[in-house]
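The structure under discussion appears below in the form of structure tokens.
Values below: every heavy atom of this structure, side chains too, minus hydrogens, waters and symmetry copies.
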Protein chains: 2
Amino acid sequence: MLAAERRDHLLELLARQGKVVAKDVAADLGISEDSVRRDLRDLAAEGLCQRVYGGALPVSPAVADYAARQTVTPDGKRKVASVAAGLVRPGGAVILDGGTTALAVAHALPKELSCTVITHSPTIAAALLDHPRAELFLLGGRVFKHSAVTCGAAAVEAAQNVSADLCLLGVTGVHPEVGLTTGDAEEAAMKRALSARAADTYILASSEKLGTASRFRVLPWEKVSGVITDADAHHPVVEQVKALGVEVLTAS
Amino acid sequence: MLAAERRDHLLELLARQGKVVAKDVAADLGISEDSVRRDLRDLAAEGLCQRVYGGALPVSPAVADYAARQTVTPDGKRKVASVAAGLVRPGGAVILDGGTTALAVAHALPKELSCTVITHSPTIAAALLDHPRAELFLLGGRVFKHSAVTCGAAAVEAAQNVSADLCLLGVTGVHPEVGLTTGDAEEAAMKRALSARAADTYILASSEKLGTASRFRVLPWEKVSGVITDADAHHPVVEQVKALGVEVLTAS
DNA sequence: CCTGTTCTTGCACGTTTATGCATGTATTGT
DNA sequence: ACAATACATGCATAAACGTGCAAGAACAGG
């Protein structure tokens with residue numbers, strides 16, 4: 001890899017993602033962090049980027065506000081989202097829950113992927129409007145403003161009329177014994193309804209959810225095909241969940 | 001997540017929401033409150049925000065870019081939206097169409113107005129999430145990405161189960177003889193279905209729509225209670241529409 | 001083909017910076 | 001006045017940084 005190539009690569013990353021993390025790029029390109037730092041220093045000297053602790057930012061912060069929105073989601077959720085997006089097969093149908101992690105999944109879906117996305121979140125629907133090849137189906141109903149999803153009888157009924165290969169569900173608590181839980185009864189019912197319409201259900205479980213439980217049970221472990229998390233494979237909760245016979249996909 | 005990114009994020013929140021709560025941001029980004037406090041302290045030291053107990057406020061309180069968003073919508077649409085929003089009675093129910101003008105109406109609704117909003121646009125629904133007293137009902141169905149609304153049989157069927165006092169409809173053409181028109185047959189059908197569920201239907205007709213016609217008829221003039229426009233009261237189309245017995249609300 | 005120079009790269013070292021936790025203090029609301 | 005919450009401070013740890021140095025590659029000139 002040529003040095004000039006690296007610089008171009010850095011500038012492209014900067015434009016596309018709105019930021020560059022020295023460590024990540026180094027690992028990605030298989031070169032030392034020192035070289036990346038040197039490149040960034042040079043670019044900054046030429047006024048092509050703004051050097052910050054840990055990496056660099058574009059000179060004009062308003063470069064890509066789509067990208068900016070991406071970057072404000074915590075690292076863990078983004079990793080989980082990336083793995084989850086990989087589960088969606090071209091031509092397949094996926095039921096996508098609401099919540100910030102699910103929104104990250106929507107953003108992580110390849111822009112030209114042709115698939116069917118079924119969701120009960122207007123936010124998710126709005127995020128997928130610029131995916132030209134994605135068929136989008138919105139489940140209507142009363143909107144719960146707190147979590148920005150439709151719930152209630154009408155929404156559950158609407159869900160009965162769809163089916164999919166895959167359901168990606170967000171929850172607030174993932175506990176080996178208690179199971180999967182969330183903070184609202186209506187939401188829990190809706191999540192159950194969604195899960196029942198898909199062949200496989202995977203849980204979006206960024207590490208802060210592991211080992212915690214909320215008030216309302218969503219699903220028992222038997223109904224879950226797998227869990228996607230950014231926690232280490234040796235995390236105690238991960239190992240307990242594996243012992244229950246549930247597949248665990250770790251995103252490191 | 002880079003430290004500099006966090007600071008940018010804080011400033012953006014400050015601009016968009018007019019305030020920052022340390023605890024919330026910490027939970028949101030998955031970092032400790034200490035870091036958030038330190039960032040806020042630094043920003044305050046640079047004069048970029050005003051530190052207060054529990055979080056921070058913008059330096060000049062009136063900067064929250066609610067105004068900024070309003071200004072990107074053309075002047076005419078904003079005026080129309082403002083008048084339309086005035087038609088919504090406290091406690092009343094309104095069916096709100098999709099489109100940019102309808103989105104402006106959503107933004108123009110008083111934040112503390114308690115009313116029921118029924119819409120088939122995920123974008124509109126997302127825009128109204130921060131109206132705590134507004135009951136929100138979303139009509140599901142296949143999403144037409146071009147105009148960001150749900151359409152088709154499922155959406156029309158969902159519309160049959162609601163009713164409202166008022167329907168605010170956006171169209172692409174307003175012509176005295178041809179009537180109200182739009183560019184897509186499915187959309188036209190959906191708009192008809194919406195209109196049929198409300199006691200009164202008003203058309204959002206910013207001046208560039210007047211005198212033009214598109215491919216598909218939405219409604220004949222008899223089904224329309226009124227037209228809201230920013231055009232002058234002596235605009236020829238306005239006078240012709242008035243002659244048809246349709247009320248015209250002019251927003252100057 | 002050989003040699004000396006320059007440039008790049010990765011490594012080692014010490015330094016600086018950021019972060020989370022613990023402790024004690026201030027502020028707010030009831 | 002009291003409890004709850006927010007805050008500042010100090011500290012330990014880990015990460016990022018800069019610098020100097022040596023090994024190697026690219027290149028020019030003899």
Side-chain angles (χ1 to χ4, degrees), chain A residues 1-11 13-14 17-59 61 71-79 206-212 230-232 234-237 251-252, chain B residues 1-14 17-59 61:
Chain A
M1 155 138 322
L2 270 46
E5 260 182 292
R6 276 201 323 257
R7 287 180 32 137
D8 288 349
H9 181 68
L10 288 172
L11 288 175
L13 282 180
L14 218 45
Q17 303 183 1
K19 74 164 178 178
V20 161
V21 180
K23 190 180 180 179
D24 294 354
V25 179
D28 215 44
L29 299 183
I31 56 178
S32 77
E33 293 180 42
D34 297 71
S35 295
V36 178
R37 270 197 283 271
R38 269 189 270 251
D39 286 338
L40 289 179
R41 196 195 309 172
D42 294 347
L43 289 175
E46 294 176 45
L48 297 174
C49 74
Q50 186 196 342
R51 192 79 172 80
V52 299
Y53 201 90
L57 296 176
V59 270
T71 52
V72 300
T73 68
D75 269 358
K77 292 190 179 184
R78 219 168 51 245
K79 286 178 187 163
S206 47
S207 53
E208 76 270 15
K209 315 275 176 65
L210 296 183
T212 68
D230 61 312
D232 190 89
H234 304 101
H235 189 293
V237 172
S252 54
Chain B
M1 155 143 309
L2 269 45
E5 255 184 298
R6 275 201 323 257
R7 287 180 31 139
D8 288 350
H9 182 228
L10 287 172
L11 289 175
E12 194 190 317
L13 282 180
L14 220 44
Q17 303 183 0
K19 72 169 179 180
V20 161
V21 180
K23 192 178 179 180
D24 295 354
V25 179
D28 214 45
L29 299 183
I31 56 177
S32 77
E33 292 179 44
D34 296 72
S35 295
V36 177
R37 268 196 282 273
R38 268 189 269 251
D39 286 339
L40 289 179
R41 196 196 306 170
D42 294 347
L43 289 175
E46 293 177 45
L48 297 174
C49 74
Q50 186 196 340
R51 194 79 171 78
V52 297
Y53 204 88
L57 296 175
V59 270

Fill in the blank from the handout: Taken in chain and number order and not counting sequence neighbours, the residues that satisfy salt bridge (Lys or Arg N to Asp or Glu O under 4.0 Å) with Arg51(B) are none
Problem - Closest-nucleotide ordering on DNA chain D, the 5'-leading residue of Glu33(A) and Gly55(B) - result: Gly55(B)
Fill in the blank from the handout: Arg6(B) meets the side-chain hydrogen bond (donor to acceptor under 3.5 Å, both in side chains) criterion, sequence neighbours left out, with Asp39(B)
Practice task
Measure the distance from CD on Glu5(A) to C1' on dT8(C) and round it to the nearest whole Å.
Solution key: 15 Å
Practice task
Using heavy atoms to find the nearest nucleotide of DNA chain D for Arg41(B) and Lys23(B) separately, return the residue whose nucleotide is more 5′.
Solution key: Lys23(B)
Fill in the blank from the handout: Applying side-chain hydrogen bond (donor to acceptor under 3.5 Å, both in side chains) to Arg41(A) and not counting sequence neighbours gives none
Exercise for the section: Could you check whether Val52(A) gets within reach of a base, just the sugar-phosphate, or nothing at all, counting any heavy atom under 4.0 Å? Expected result: sugar-phosphate
Handout entry: side-chain hydrogen bond (donor to acceptor under 3.5 Å, both in side chains) partners for Lys77(A), two or more places apart
Key = Thr100(A)
Practice task
Using whole Å, report how far CG of Leu2(A) lies from P of dC7(C).
Solution key: 17 Å
Problem - Below 4.0 Å: OP1/OP2 of dG10(C) and any side-chain N or O of Ser35(A) - result: yes
Completion exercise
When the rotation axes relating C1' atoms of four end pairs to the next four are compared across the helix from dC1(C)-dG30(D) to dT30(C)-dA1(D), five pairs an end, they differ to 10° by 40°
Problem - Partner set under side-chain hydrogen bond (donor to acceptor under 3.5 Å, both in side chains) for Asp24(A), not counting sequence neighbours - result: none
Problem - Nucleotides bounding contact with chain A, strand DNA chain D, heavy-atom threshold 4.0 Å - result: dA15(D) to dT19(D)
Handout entry: Whole-Å distance separating the CD1 atom of Ile31(A) from the P atom of dG10(C)
Key = 6 Å
Practice task
Tell me, please, which residues at least two apart from Glu208(A) pass salt bridge (Lys or Arg N to Asp or Glu O under 4.0 Å).
Solution key: none
Problem - Gap between atoms CG and P, on Asp34(A) and dA12(C) respectively (whole Å) - result: 11 Å
Fill in the blank from the handout: Heavy atoms of Ala231(A) and Leu210(A) approach each other most closely as CB-CD1, 3.4 Å
Taking only nitrogen or oxygen atoms into account, show me every contact under 3.5 Å that the protein makes with nucleotides 23-30 of chain C, one pair per line with its distance.
none

Exercise for the section: Please name all residues satisfying salt bridge (Lys or Arg N to Asp or Glu O under 4.0 Å) with Glu5(A), sequence neighbours left out, ordered by chain then number. Expected result: none
Practice task
Identify, with sequence neighbours excluded, every residue that meets side-chain contact (heavy atoms from CB on, under 4.5 Å) alongside Leu13(A).
Solution key: His9(A), Arg16(A), Gln17(A), Val20(A), Val25(A)
Problem - Residues which pass side-chain contact (heavy atoms from CB on, under 4.5 Å) with Ala27(A), listed by chain and number, not counting sequence neighbours - result: none
Problem - Length of the line joining Arg37(A):CZ and dT15(C):C1', which is rounded to integer Å - result: 13 Å
Practice task
Tell me whether the OP1 or OP2 atom of dT19(C) has a side-chain N or O from Arg6(B) closer than 4.0 Å.
Solution key: yes
Exercise for the section: Find out whether Ile31(B) and Val36(B) are in side-chain contact, i.e. whether some heavy atom of one side chain is under 4.5 Å from a heavy atom of the other. Expected result: yes
